[in-house]
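I have placed the structure first, in the form of structure tokens, so that the comments after it can refer back to it.
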Amino acid sequence: MCPITYAGAVQLDEFRWMLPKEGGMRVPGVLFADRPLLEKMLSDRTPQQVRNAAHLPGILEASIAMPDAHWGYGLPVGGVVATDPEEGVISPGAVGYDIGCGVRLLRSRLTRAELAPLVERLADALFRNVPCGVGSSGAVRVAPRELERVLRDGAGWAVQRGFGTAGDLEHCEEGGVLEGADPDAVSQAAHQRGRGQLGTLGSGNHFLEVQEVEQVYDERAAAALGIARGEVTVMIHCGSRGLGHQVCTDHVRDVSRKLAGWGIVLPDRQLACAPLASPEAQAYVGAMRAAANFAWANRQCIADGVRRAFSETLGRGPADLGLSLVYDVAHNIAKFEHHETSAGRVRCLVHRKGATRAFPAGHPDVPAAYRAVGQPVLVPGDMGRYSYVLIGSQGAMRYAFGSTCHGAGRQMSRTQAVRDTRGRDLVQELRELGVVVRYEGRDTLREETSEAYKDVADVVRVVQGADLARPVARLKPFLVVKG
DNA sequence: ATGTAC
């Protein structure tokens with residue numbers, strides 16, 4: 001029997017393709033995709049970047065790409081790479097420039113109909129309370145010494161400052177803080193860039209959406225997560241702003257200079273990495289954790305801005321709105337975890353870059369309230385269509401180091417999207433779709449137009465088919481704030 | 001993603 005191959009990828013089953021070991025690859029590559037998504041992946045350099053990452057010293061099992069994967073810096077966005085803690089390395093490029101970037105979902109007890117007469121005013125209030133755009137700042141004042149506490153304590157710092165409640169922290173991955181952050185490994189330049197940016201959304205694909213739960217696929221899981229059809233949710237997508245960007249820049253440069261000395265040869269210098277035992281790796285790990293904590297604090301501050309905006313607009317106290325946190329999960333991060341491999345149960349460093357942790361039911365790291373159903377996974381789509389809430393499934397542990405997809409993935413470059421939408425009134429088009437929008441930046445809406453993204457439903461179908469995660473609900477936006 | 005070029 002002859003296996004089906006397509007452009008060098010060997011089909012393993014309906015939703016998995018293997019890139020066989022060749023040259024200096026230490027492990028094979030695995031692409032999660034159906035045929036149409038595989039073809040989209042093959043149209044950029046994603047498979048080559050997956051192969052390149054398979055050269056990383058100490059990489060375990062496979063170099064993995066999720067169905068929303070597309071070309072990125074060194075490793076594709078949508079890449080998962082696990083390395084051995086003794087023999088292996090950490091690669092800043094395999095975490096990405098927006099360290100700690102992730103998604104937070106709030107739910108309410110409001111309905112869209114209730115909000116309908118207030119949508120324009122709510123949009124103004126959100127736009128006012130949550131600054132957005134490149135270089136946006138000024139939402140939260142932080143003294144220079146206090147920034148160190150942000151970097152150590154993450155979302156907990158924000159709660160202590162009065163931005164939210166202790167209950168919020170229980171519904172964050174890791175409680176909203178990675179232990180072992182080292183603020184001293186974060187350069188002064190990074191401190192300065194980040195200090196004014198807490199509570200701000202940034203730009204690019206970052207957004208804030210008010211959505212309606214339009215479809216529930218799993219009633220039991222939805223009930224556990226506290227969401228129900230017809231209710232309003234708020235989704236926040238953002239990261240560590242200029243601070244995380246500067247941390248990545250600094251440490252890519254530092255480890256890049258030492259590569260030859262360590263005797264590490266890589267097909268792409270953008271994958272520059274450091275042996276986990278080296279001081280350089282320790283410094284990056286400490287700085288990366290600090291930047292991730294900044295991102296968690298940032299999303300916590302933004303959630304507070306959202307609650308204030310709702311409160312102002314509806315004339316009700318924040319406690320009456322029921323705007324509670326469903327979950328907050330990062331999709332650009334590297335973490336030490338235990339996983340079952342062909343060599344048995346091992347501790348490993350899992351790099352997730354545009355990939356989301358997706359622990360299944362019963363895993364001790366899933367919050368107690370959700371442990372019987374699995375870890376929530378938040379998957380944004382695009383501003384004209386929908387986003388998904390998923391829960392982690394067993395196959396994620398078996399095939400992908402406890403990981404799944406993180407979004408729709410672009411299918412059109414920013415420049416092409418701007419060119420293709422020239423002359424169209426996207427504000428009006430979105431209005432006709434029932435979406436009210438506020439935005440910063442001349443080309444933001446064109447760059448982020450629906451057609452620039454793959455249909456996230458196609459991505460979800462693959463992760464469901466591969467048993468990485470299962471759909472709980474689909475969320476339809478009706479108010480979008482973008483930078 | 002990003003003080004979108006050091």
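The structure presented is a predicted model; accordingly, all values stated were derived computationally and were not measured.
- The CD-P distance, from Gln192(A) to dT2(B), rounds to 18 Å in whole Å.
- To the nearest angstrom, P of dA5(B) lies 15 Å from CD of Gln246(A).
- Checked against the 6.0 Å centroid criterion, the rings of His237(A) and His406(A) do not qualify as a close aromatic pair.
- As a whole-Å value, the separation of Asp443(A) CG from dT2(B) P is 16 Å.
- Here Arg414(A) lies in heavy-atom contact (under 4.0 Å) with sugar-phosphate atoms only.
- When rounded to the nearest whole Å, the span between CG of Asp98(A) and P of dT2(B) equals 6 Å.
- Considering only side-chain N and O atoms, Ser203(A) lies under 4.0 angstrom from the phosphate OP1 or OP2 of dT2(B).
- Taking atom CD on Glu440(A) and atom C1' on dT2(B), their separation rounds to 16 Å, with Å as the unit.
- When heavy atoms are screened at a 4.0 angstrom cut-off, Gly239(A) is found touching no nucleic acid atom at all.
- The nearest whole Å value for the distance from the OH atom in Tyr73(A) to the P atom in dT4(B) is 17 Å.
- Checked against salt bridge (charged side-chain N to carboxylate O under 4.0 Å, His left out), Arg253(A) has the following partners two or more places apart in sequence or in another chain: Asp250(A).
- Contact check for Leu151(A) versus His191(A): side-chain heavy atoms found under the 4.5 Å cut-off.
- The NE2 atom of His251(A) sits 18 Å away from the P atom of dT2(B) (whole-angstrom rounding).
- Among the protein residues, Gln197(A) comes within range of the sugar-phosphate backbone only, with heavy atoms under 4.0 Å from sugar or phosphate atoms but none that close to a base.
- Checked against ring-ring contact (aromatic ring centres under 6.0 Å, His included), Tyr388(A) has the following partners two or more places apart in sequence or in another chain: Tyr386(A).
- The CD atom of Glu447(A) sits 10 Å away from the C1' atom of dT4(B) (whole-angstrom rounding).
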